[in-house]
Number of protein chains: 2
Amino acid sequence: MRIVDLPEIRQLSLFDSMSDESFSELMNAAYLQNFPAQVDLLHEGDNADFLFFVVEGCVELYANANGREGVLALVRPVGSFILAAVLRNEVYLMSARTSQKSRILMIPAQNIRDAFKRDDAFARAIVLELAGYFRAVVKEYKDLRLRTGVERLANRLLKYHITQGAPGFVQLPCDKKTLASILGMTPENLSRAFGTLKPYGVDVVGQKVVLGDVASLTVLAKPNPLIDDPST
Amino acid sequence: MRIVDLPEIRQLSLFDSMSDESFSELMNAAYLQNFPAQVDLLHEGDNADFLFFVVEGCVELYANANGREGVLALVRPVGSFILAAVLRNEVYLMSARTSQKSRILMIPAQNIRDAFKRDDAFARAIVLELAGYFRAVVKEYKDLRLRTGVERLANRLLKYHITQGAPGFVQLPCDKKTLASILGMTPENLSRAFGTLKPYGVDVVGQKVVLGDVASLTVLAKPNPLIDDPST
DNA sequence: AACCCCAATTGACAAATATCAAGAATGTTT
DNA sequence: AAACATTCTTGATATTTGTCAATTGGGGTT
């Protein structure tokens with residue numbers, strides 16, 4: 001599908017300083033496609049042929065090694081993924097699959113690299129985007145290095161709670177198996193971690209988690225803006 | 001100390017496409033300082049006031065949370081650190097200390113941000129640098145998520161072996177306590193991991209580690225270019 | 001309602017890792 | 001060389017996490 005001009009893409013900080021012509025050129029080369037759930041979009045080790053955006057739905061970034069698999073991140077609208085591989089013209093380090101029915105925008109990597117060479121404002125926008133990505137991974141890494149599984153769960157719940165407007169409960173963004181993998185633990189362990197948090201007012205009701213005592217949960221979690229704050 | 005013009009800095013990919021005037025301007029604002037070992041250069045949470053380069057010696061990037069501390073990376077000459085925080089004008093996510101007597105170049109963050117705004121080639125060089133950093137952290141994260149301690153050690157040894165020219169032994173880049181922290185384990189566990197690797201031809205002699213059977217160590221480690229290869 | 005399917009939980013156990021305490025090895029100072 | 005401090009290793013034990021197997025408990029379908 002060609003000739004797409006999605007306002008939600010145009011307004012991304014990556015593109016909002018780009019000229020109309022350059023943006024149209026990118027979009028004319030791009031593909032907008034609908035995928036069902038559980039479709040593999042790319043695999044680690046493949047050449048970076050496209051830059052991807054999640055327009056609707058949700059994408060899991062995951063990786064395999066030594067017989068294990070882990071979900072490294074969820075990407076939701078409107079987020080991009082594997083920008084670094086595209087710019088460096090190297091292979092992907094992560095695989096990606098749709099975790100639900102999704103609408104995906106794919107821009108050929110060569111067009112991105114051309115625009116990067118030609119368009120100064122675009123190059124600068126990419127810097128800030130990449131710097132943000134870098135900081136996000138550093139935070140994930142610190143989370144995994146410096147916290148136990150229960151602590152990671154507690155802090156994740158508090159983070160979701162804040163982004164969802166702190167209504168006293170949390171809507172999980174995915175099934176528990178995926179949440180466990182995002183948190184770097186097994187599903188069995190996640191169940192037990194929820195059990196451990198029960199005395200801190202945490203009650204699981206399907207995809208919804210009631211936070212009955214945010215104060216005591218916070219004492220346990222010891223949230224740290226240098227790990228948990230999405231904006232810093 | 002002012003008016004520094006270190007050729008090893010000038011030739012970094014970050015700066016080699018920069019004009020002489022711009023580079024001189026940066027260097028005129030910069031400080032080149034010698035520090036003894038174990039000096040804290042900056043602390044996580046501080047405003048990003050300087051971009052740092054290790055000219056000589058070695059710097060540890062580390063972080064604290066929930067009563068634990070972990071070394072996240074070693075920076076050796078000539079490497080920079082905390083570029084992302086400087087560009088986004090945000091607080092540092094990691095702390096840094098010299099692990100030995102070191103010569104450090106400090107460039108005021110505002111000068112870096114000015115040069116980034118003014119100099120298109122510099123902005124593009126930063127993109128490739130940041131993309132590389134991003135990929136490096138993703139690899140560290142995958143290493144920690146997808147491998148056991150013994151596997152991480154085995155792969156680290158093989159990686160050092162290759163970068164040191166594969167002479168049949170490896171010179172450790174730091175003391176074992178620090179190596180353990182880099183690998184995300186305790187010193188006791190590192191000792192035991194070395195013990196586990198003895199049947200695979202690994203013999204520890206102080207800071208030197210003899211690799212007597214690289215083939216069988218490789219079978220155990222299952223090295224993966226998407227985690228271990230520094231260039232991809 | 002009966003059935004099935006799948007996600008989720010639970011229990012029993014095993015593996016990996018951390019902690020604490022002691023001892024060995026190493027290098028440095030005197 | 002003796003004394004000392006430091007790093008490293010080892011043993012015993014506790015905690016954390018993973019694995020395997022069985023069971024529970026909805027959500028759909030027929």
Side-chain angles (χ1 to χ4, degrees), chain A residues 37-38 58 60 64-71 99-100 143-157 170-198 202-210 220-221, chain B residues 36-38 60 64-71 99-101 143-157 170-198 202-210 220-222:
Chain A
Q38 303 302 324
C58 185
E60 285 175 29
N64 293 86
N66 296 58
R68 280 150 232 148
E69 174 170 319
V71 175
S99 64
Q100 42 181 266
D143 189 48
L144 192 61
R145 276 287 301 268
L146 300 171
R147 286 173 171 162
T148 65
V150 172
E151 288 169 346
R152 292 199 295 280
L153 173 59
N155 281 295
R156 190 73 55 145
L157 289 174
V170 158
Q171 202 68 35
L172 297 181
C174 53
D175 61 16
K176 300 221 179 71
K177 182 166 156 269
T178 306
L179 177 63
S181 188
I182 290 170
L183 291 170
M185 57 176 88
T186 57
E188 295 94 329
N189 239 316
L190 177 62
S191 270
R192 288 172 187 126
F194 272 121
T196 306
L197 294 182
K198 189 158 276 179
V202 175
D203 259 298
V204 183
V205 189
Q207 292 266 99
K208 183 174 151 181
V209 179
V210 180
L220 172 87
Chain B
Q38 302 303 327
E60 286 175 28
N64 294 86
N66 296 61
R68 279 151 232 147
E69 173 169 319
V71 175
S99 64
Q100 41 182 269
K101 190 166 162 298
D143 189 49
L144 192 62
R145 276 287 299 266
L146 300 171
R147 286 172 170 163
T148 65
V150 171
E151 288 169 346
R152 292 200 295 279
L153 172 60
N155 280 295
R156 190 74 55 146
L157 289 173
V170 159
Q171 202 68 36
L172 297 181
C174 53
D175 61 15
K176 300 222 179 71
K177 183 166 155 272
T178 307
L179 178 62
S181 188
I182 290 170
L183 290 170
M185 58 175 92
T186 58
E188 295 94 328
N189 239 315
L190 177 62
S191 270
R192 288 173 187 126
F194 271 123
T196 305
L197 294 182
K198 190 159 274 177
V202 175
D203 258 300
V204 184
V205 190
Q207 292 264 98
K208 184 174 148 181
V209 179
V210 180
L220 172 86
K222 292 185 256 329

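Naming: A, B, ... by sequence-line order, numbering from 1 per chain. What's counted below: heavy atoms across the whole structure, side chains too, no hydrogens, waters or symmetry copies. Predicted model, so just to flag it, every value in this text is computed and none were measured.
- When the P atom of C:dA18 is taken as reference, atom CG of B:Asn66 falls 15 Å away, rounded to whole Å.
- Atom CD of B:Gln207 is separated from atom CG of B:Leu179 by 9.5 Å, given to the nearest 0.5 angstrom.
- Atom CZ of B:Phe194 and atom P of C:dT17 are 15 Å apart (whole Å).
- Nearest to the side-chain atoms of B:Met185 among the listed nucleotides C:dA18, D:dT9, C:dA8 stands C:dA18.
- Side chain B:Arg192 to base D:dG11: a donor-acceptor pair is found below 3.5 Å.
- Taking every side-chain heavy atom of A:Gln207 into account, C:dA8 is the closest of C:dT17, C:dA8, D:dC20.
- Rounded to a whole Å, the CG atom of B:Leu153 is 15 Å from the C1' atom of C:dA16.
- The base of D:dC20 sits within donor-acceptor range of the side chain of A:Glu188, with an N or O pair under 3.5 Å.
- Between the NZ atom of A:Lys177 and the C1' atom of D:dG26 there is a distance of 18 Å, given to the nearest Å.
- Separating the CG atom of B:Leu172 from the P atom of D:dT7 is a distance of 16 Å, rounded to the nearest angstrom.
- A:Val71 approaches A:Ser181 most closely through the heavy-atom pair N-OG, 2.8 Å.
- Note: CG (A:Leu190) to P (C:dA8) measures 9 Å, nearest angstrom.
- Evaluation of atom-type donor-acceptor distances gives no pair under 3.5 Å for the side chain of A:Arg145 against the base of C:dT17.
- Side chain of B:Lys208 to main chain of B:Asp203: no donor-acceptor pair is present (N/O by atom type, distance under 3.5 Å, no hydrogens or angles).
- Nearest to the side chain of B:Thr148, among C:dT17, C:dA18, D:dC8, sits C:dT17.
- At distances below 3.5 Å, not a single donor-acceptor pair connects side-chain atoms of B:Arg147 with backbone N or O atoms of B:Arg152.
- Distances shown here put a side-chain N or O of B:Lys176 below 4.0 Å from the OP1 or OP2 atom of D:dT9.
- Contact annotation: B:Thr186 reaches the phosphate of C:dA18 (side-chain N/O to OP1 or OP2, under 4.0 Å).
- Put simply, CZ on B:Arg68 is 16 Å from P on C:dT17, counting in whole angstrom units.
- Looking at heavy-atom distances under 4.0 Å, A:Gly149 makes contact with sugar-phosphate atoms alone, never a base.
- The shortest distance between the side-chain N/O atoms of A:Asn189 and the OP1/OP2 oxygens of D:dG18 is below 4.0 Å.
- We find that CG of A:Asp203 is positioned 15 Å from C1' of C:dT9, with the value rounded to whole Å.
- Taking NZ of A:Lys177 as the start and CD of A:Glu188 as the end, the distance is 11.0 Å to the nearest 0.5 Å.
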